[in-house]
Amino acid sequence: MKLLSSQEGRFASAPPPHVIVFIGLVALAIAMGVGRFAFTPMMPLMLRDGSLDAVTGTEWATANYFGYLLGALSASWFARSPRRGLQVGLIGVAATTLGMAWGDAELPWLGLVLRFSAGVFSAWVLVCASGWCLPELTRRNATALGGWIYIGVGLGIATTGVLTWLGGGQRAMLLWLELGLLAIVGAAYVLWQLPGSPAAAAAPAGIGAAPKPAPTKGGRGNLGVVFCYSAFGFGYIIPATFLPTMARQLVSDPLVFGLTWPIFGTAAALSIAIASRWMHGWPRRNVWGFAQGVMAVGTVLPLLQQSLWVLAVSAVLVGGTFMVTTMGGLQLARERMPENPTPLLARMTAGFAAGQIAGPLLVRLIGDSRIAGWGALDWASAAATVLLAGTALWLWLGGDDAAAKPHAS
């Protein structure tokens, strides 16, 4: 009896479900919205200030993609303690974002190192936030809340976009300082709220523990899922990288071209709320497949017409499915490997990172050439559309039956 009382007391002191959700939400907002994606709306402003040239900017963006790949490959280091990876990653994101205030064309190596490091840290946070939050919610019979942590990515992107949009009249260096301070505040909150030790967060056996979901087929069956997530990385990266730049080619006013990124982030945040509320009973593979199919429409639209309204619709379609796809894929990994999803999450994130590297490399490979009347961005968008549509169909139809069982209500 005394042991049971001790266990109940320890569980009562652990974070309740809503705190776990908010920890994950803030962590992903900082890691992805700031650490991973802040450079997208900042690059046009740095080009405007003359603190960056297009070639150096491309190199920095590519360094971030490679850093994200390395972070995904190495995230399995934290399989036994995702909480530790969450702490290290958030501190790293805050430090590298603040350091970008001193990165410019005169010190290209500094920006290269900082963007590479930010990629590593942001991947660690994405994998470890999922690897820590989802099992903790499952232990508290609150699995249905898992999708809400991914709203953080959209909120982070929207917040970064609005900050750079409203502050477009400032020099980019000051904006980087503001983003760095934002990252510090967010990281401090998460570090403050995280339990003091992994044991403190664990629910005692038999108290608030959800039944263990039966794992679906593993091994080779995971290859299809990893490939679909890799195709997602390739498909989203073209609009996610080039939408503000494409808009800037149509209009030079930052208050106009800068709107594409807040639209992207707001759509991402709202879509997660809608999906968590109305698509909760869907099988995770169907949620993922549907979102990936809608994203394919978003990537094909700029091929049909180049105008601001088309780019805005593309931002809504890609931004509105970007995090639903992420949520569906990562929750699917949790269903397939319920005991310890971190290794599969790491493989999927590594495939995603490889896909997002391949997209810009294809653009760089084609360069200024025109093939059958299409330029580099046209061919990259076409390839993205084909990959997204094909994998969306595979997921919707069930693939090799390795997708997942319906998500528990």
Side-chain angles (χ1 to χ4, degrees), residues 21-46 64 68 86 89-101 115 118-119 121-123 125-126 129 133 147-193 236 239-241 243-244 247 254-274 276 312 315-316 318-324 326-327:
V21 169
F22 204 65
I23 287 173
L25 187 153
V26 173
L28 293 184
I30 297 303
M32 305 301 289
V34 179
R36 175 68 185 84
F37 289 116
F39 189 63
T40 298
M42 287 297 295
M43 183 175 170
L45 299 178
M46 295 180 76
N64 186 259
Y68 194 81
L86 200 51
L90 285 171
I91 293 171
V93 166
T96 53
T97 303
L98 201 61
M100 281 300 295
R115 294 310 300 154
F121 294 130
S122 59
V125 174
L126 176 64
C133 292
W148 291 92
I149 71 172
Y150 300 106
I151 291 178
V153 178
L155 288 177
I157 291 173
T159 301
T160 301
V162 169
L163 185 62
T164 55
W165 176 56
L166 294 178
Q170 302 180 64
R171 291 190 59 81
M173 183 186 77
L174 292 177
L175 283 172
W176 278 118
L177 286 174
E178 293 168 9
L179 290 170
L181 292 175
L182 178 65
I184 289 172
V185 171
Y189 169 80
V190 173
L191 297 180
W192 173 56
Q193 287 287 357
Y236 102 96
T241 300
L243 269 178
L255 289 178
V256 178
F257 74 73
L259 269 175
T260 55
W261 201 237
I263 290 172
F264 186 101
T266 302
L270 291 177
S271 67
I272 286 290
I274 293 170
S276 296
V316 170
V318 177
T321 53
F322 165 63
M323 281 317 301
V324 176
T326 301
M327 177 189 73

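Keep in mind the model is a prediction, meaning the values are calculated, not measured. Position 1 is the first residue of the sequence; numbering continues from there.
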Under 3.5 Å, is there a donor-acceptor pair between the side chain of [X] and the main chain of [Y]?
X      : Y      : value
Thr160 : Ala38  : no
Thr159 : Gly156 : no
Thr266 : Ile263 : no

Please check if the number of heavy atoms outside Phe22 that lie under 6.0 Å from its CZ is greater than 12. no
Pairwise side-chain contact, [X] with [Y], heavy-atom cut-off 4.5 Å (strictly under):
X      : Y      : value
Ile91  : Leu191 : yes
Met100 : Met42  : no
Leu98  : Ile184 : yes
Arg36  : Asn64  : yes

Tell me the closest heavy-atom pair linking [X] and [Y], and the distance in Å.
X      : Y      : result
Met46  : Ala172 : CG-CB, 3.6 Å
Gly186 : Val26  : O-CG1, 3.6 Å
Gly35  : Arg115 : O-NH2, 3.3 Å
Val93  : Thr97  : O-OG1, 2.7 Å
Leu28  : Ala129 : CD2-CB, 3.9 Å
Ser122 : Ala31  : CB-O, 3.3 Å

Calculate, to the nearest 0.5 Å, the distance between atoms [atom1] and [atom2] belonging to [X] and [Y] respectively.
X      : Y      : atom1 : atom2 : result
Met327 : Thr321 : CE    : OG1   : 11.5 Å
Leu175 : Leu182 : CG    : CG    : 12.0 Å
Leu270 : Leu155 : CG    : CG    : 8.5 Å
Ile157 : Thr40  : CD1   : OG1   : 8.0 Å
Arg171 : Leu45  : CZ    : CG    : 11.0 Å
Trp192 : Ile23  : CH2   : CD1   : 10.0 Å

Look at the rings of Phe37 and Tyr236 and say which category their plane angle falls in: under 30° parallel, 30 to 60° tilted, over 60° perpendicular.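 Because their plane-to-plane angle is over 60°, the rings of Phe37 and Tyr236 count as perpendicular.
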Over 60° means perpendicular and under 30° means parallel, so classify the ring planes of Trp176 and Phe39, tilted if in between. parallel
